[in-house]
Amino acid sequence: MEEKALIFSAPSGAGKTTIVGHLLTVFNTLEFSISACSRQKREGETNGKDYYFLSPEEFKCKIEKDEFVEWEEVYKDLYYGTLKSELNRIWAKGNTIVFDVDVLGGINLKKKLGDKALSVFVMPPSIEELKNRLEKRGTESPESLKKRIDRAVEEISKAPQFDIVIENDSLEKAFAESEKRVGEFLAGNEL
């Protein structure tokens, strides 16, 4: 079976995680890629299910040993990345890897995986709507909301670097478009 991957990226609040969750229920050959991180495990999280939790030292050691497909240091000693062993684990089963990553991670994964991957940018209908969605979550202070919106503007400017852009102005339409495009990619059709 051909090794394939789906890369979903978007600004926070655009709905990529909801779309990825939907696709995982539609296509039984998709398998979610579990990222590695150097942050502390939160209550309710499980190592090897939510993330591979590593200490900053363990993470740096794996970087030195070239064990990551991609990684980034988000803040000092706060690392996130994709282990090569995770790709091999999923491909060995004959499944297609699904990534739900930030925009920079998506661009880096596409550069590494090339034609094996379909990179998808989930576009919010507008910055104003994105702001409304983030405010409804109730998890943001005014400062963190401003930071996320500023970052979203920067991330949206990178949308042309992705294979396809799916606008999420209606979840039903975004689900349908995602199913169609992912189905075509899995079938080996040109996009």
Side-chain angles (χ1 to χ4, degrees), residues 4-24 30-39 50-52 59 63 68-84 86-87 90 96-137 139-141 143-171 173-175 177-179 181-182 185 191:
K4 291 188 175 190
L6 299 168
I7 304 165
F8 278 80
S9 298
S12 183
K16 75 175 161 34
T17 302
T18 302
I19 292 169
V20 165
H22 172 74
L23 291 170
L24 287 166
L30 301 184
E31 187 168 347
F32 192 73
S33 170
I34 301 166
S35 296
C37 70
S38 66
R39 71 164 172 76
D50 298 293
Y51 285 96
Y52 295 112
F59 207 105
I63 291 169
F68 287 98
V69 177
E70 60 81 33
W71 62 271
E72 60 183 293
E73 186 175 18
V74 180
Y75 299 105
K76 176 147 178 47
D77 284 338
L78 178 60
Y79 295 92
Y80 284 87
T82 305
L83 290 160
K84 291 177 180 176
E86 180 68 357
L87 275 63
I90 295 170
T96 297
I97 301 166
V98 180
F99 296 100
D100 176 342
V101 293
D102 72 5
V103 173
L104 187 59
I107 291 168
N108 289 337
L109 279 167
K110 178 62 181 182
K111 284 178 188 168
K112 293 272 173 45
L113 297 173
D115 291 341
K116 288 182 179 184
L118 173 68
S119 63
V120 180
F121 187 94
V122 179
M123 181 73 75
S126 67
I127 290 295
E128 195 55 41
E129 176 58 25
L130 190 66
K131 186 177 178 200
N132 291 340
R133 290 177 186 179
L134 290 170
E135 284 174 338
K136 280 183 190 161
R137 284 184 181 176
T139 57
E140 305 297 323
S141 68
E143 298 79 28
S144 69
L145 182 64
K146 183 184 180 330
K147 201 186 276 187
R148 283 193 187 265
I149 294 301
D150 290 347
R151 184 174 177 174
V153 170
E154 170 66 23
E155 289 174 329
I156 287 169
S157 74
K158 296 182 179 357
Q161 295 181 52
F162 287 76
D163 295 325
I164 61 172
V165 175
I166 293 176
E167 187 174 321
N168 185 12
D169 57 345
S170 148
L171 207 47
K173 284 196 318 200
F175 282 169
E177 178 74 5
S178 298
E179 285 179 37
R181 302 303 286 271
V182 167
F185 174 70
L191 298 172

* Over all heavy atoms of both residues, which pair between Ile97 and Ser33 is shortest? Give the atoms and the distance, please. => CG2-CB, 3.6 Å
* Asked: With a 4.5 Å limit on heavy-atom distance, are the side chains of Trp71 and Asn108 in contact?
  -> no
* Asked: Taking all non-hydrogen atoms of both residues, which atom of Phe32 and which atom of Asp100 are closest, and how far apart?
  -> CE1-CB, 3.6 Å
* Close side-chain approach of Pro11 to Leu130, heavy-atom, < 4.5 Å -> yes
* If you look at every heavy atom in Ala10 and Val122, which pair is closest and at what distance? -> CB-O, 3.2 Å
* Rounded to the nearest 0.5 Å, how far does CD1 of Ile7 lie from NZ of Lys116? -> 12.0 Å
* Asked: Can Glu177 and Arg181 be said to form a salt bridge (Lys or Arg N to Asp or Glu O under 4.0 Å), step by step?
  -> CA-CA 6 Å; Glu177 178 74 5; Arg181 302 303 286 271; 3.2 Å; yes
* Lys4 side chain to Phe185 main-chain N or O, any donor-acceptor pair under 3.5 Å? -> yes
* Assess whether atom NZ of Lys84 is packed by more than 12 heavy atoms of other residues, nucleotides or ligands within 6.0 Å. => yes
* Flag side-chain contact, heavy atom, 4.5 Å: Val98 against Ile90 -> no
* To do: Ignoring hydrogens and angles, tell me if any N or O in the side chain of Lys110 forms a donor-acceptor pair with the backbone of Ala117 under 3.5 Å.
  => yes
* **Under 3.5 Å: donor-acceptor pair, side chain of Glu86, backbone of Ile34** => yes
* Apply side-chain contact (heavy atoms from CB on, under 4.5 Å) to Val101 and Glu72, showing your working. => CA-CA 11 Å; Val101 293; Glu72 60 183 293; over 6 Å; no
* Is it true that a side-chain atom of Ser119 and a backbone atom of Asp163 form a donor plus acceptor pair closer than 3.5 Å? -> yes
* To do: Kindly compute the distance separating CZ (Arg148) from OG (Ser141), expressed to the nearest 0.5 Å.
  => 10.0 Å
* Quick one: SG on Cys37 to OH on Tyr52, what's the gap to the nearest 0.5 Å? -> 12.0 Å
* **SB check Glu154 Lys158 (cutoff 4.0 Å)** => yes
* Looking only at atom types and distance, does a side-chain atom of Asp169 sit under 3.5 Å from a main-chain N or O of Pro125, one as donor and one as acceptor? -> no
* **Any Ile166 side-chain heavy atom under 4.5 Å of Val120 side chain** => yes
* To do: List the steps and the verdict of side-chain contact (heavy atoms from CB on, under 4.5 Å) for Leu113 and Phe99.
  => CA-CA 12 Å; Leu113 297 173; Phe99 296 100; 3.9 Å; yes
* Taking the side chain as C-beta and beyond, is there a heavy-atom pair between Phe68 and Thr82 under 4.5 Å? -> no
* How many angstroms lie between CG in Leu78 and CD in Glu73, if you round to the nearest 0.5 Å? -> 8.0 Å
* **Distance, nearest 0.5 Å, that separates CG of Leu30 from CG of Leu6** => 5.5 Å
* Would you confirm whether Ser9, through its side chain, and Asp102, through its main-chain N or O, come within 3.5 Å as a donor-acceptor pair? => yes
* Hey, are the side chains of Ile156 and Ile127 touching, using non-hydrogen atoms and a 4.5 Å cut-off? -> yes
* **Side-chain touch Leu87/Lys112, heavy atoms, less than 4.5 angstrom** => no
* **Thr17 vs Phe8, side-chain contact (heavy atoms from CB on, under 4.5 Å): CA-CA, chis, key distance, verdict** => CA-CA 8 Å; Thr17 302; Phe8 278 80; over 6 Å; no
* To do: For Glu128 and Ser126, test the side chains for any donor-to-acceptor distance below 3.5 angstrom and give the result as yes or no.
  => no
* Does Ser38 reach the main-chain N or O of Tyr79 with its side chain, forming a donor-acceptor pair under 3.5 Å? -> yes
* Asked: Looking at OG of Ser178 and CD1 of Ile19, how far apart are the two atoms once the value is rounded to the nearest 0.5 Å?
  -> 4.5 Å
* Side-chain heavy-atom pair Glu129, Pro124 within 4.5 angstrom cut-off -> no
* To do: Using the side-chain contact (heavy atoms from CB on, under 4.5 Å) rule, take Tyr80 and Arg39 through it: C-alpha gap first, then chi angles, then the decisive distance, then the call.
  => CA-CA 9 Å; Tyr80 284 87; Arg39 71 164 172 76; 3.3 Å; yes
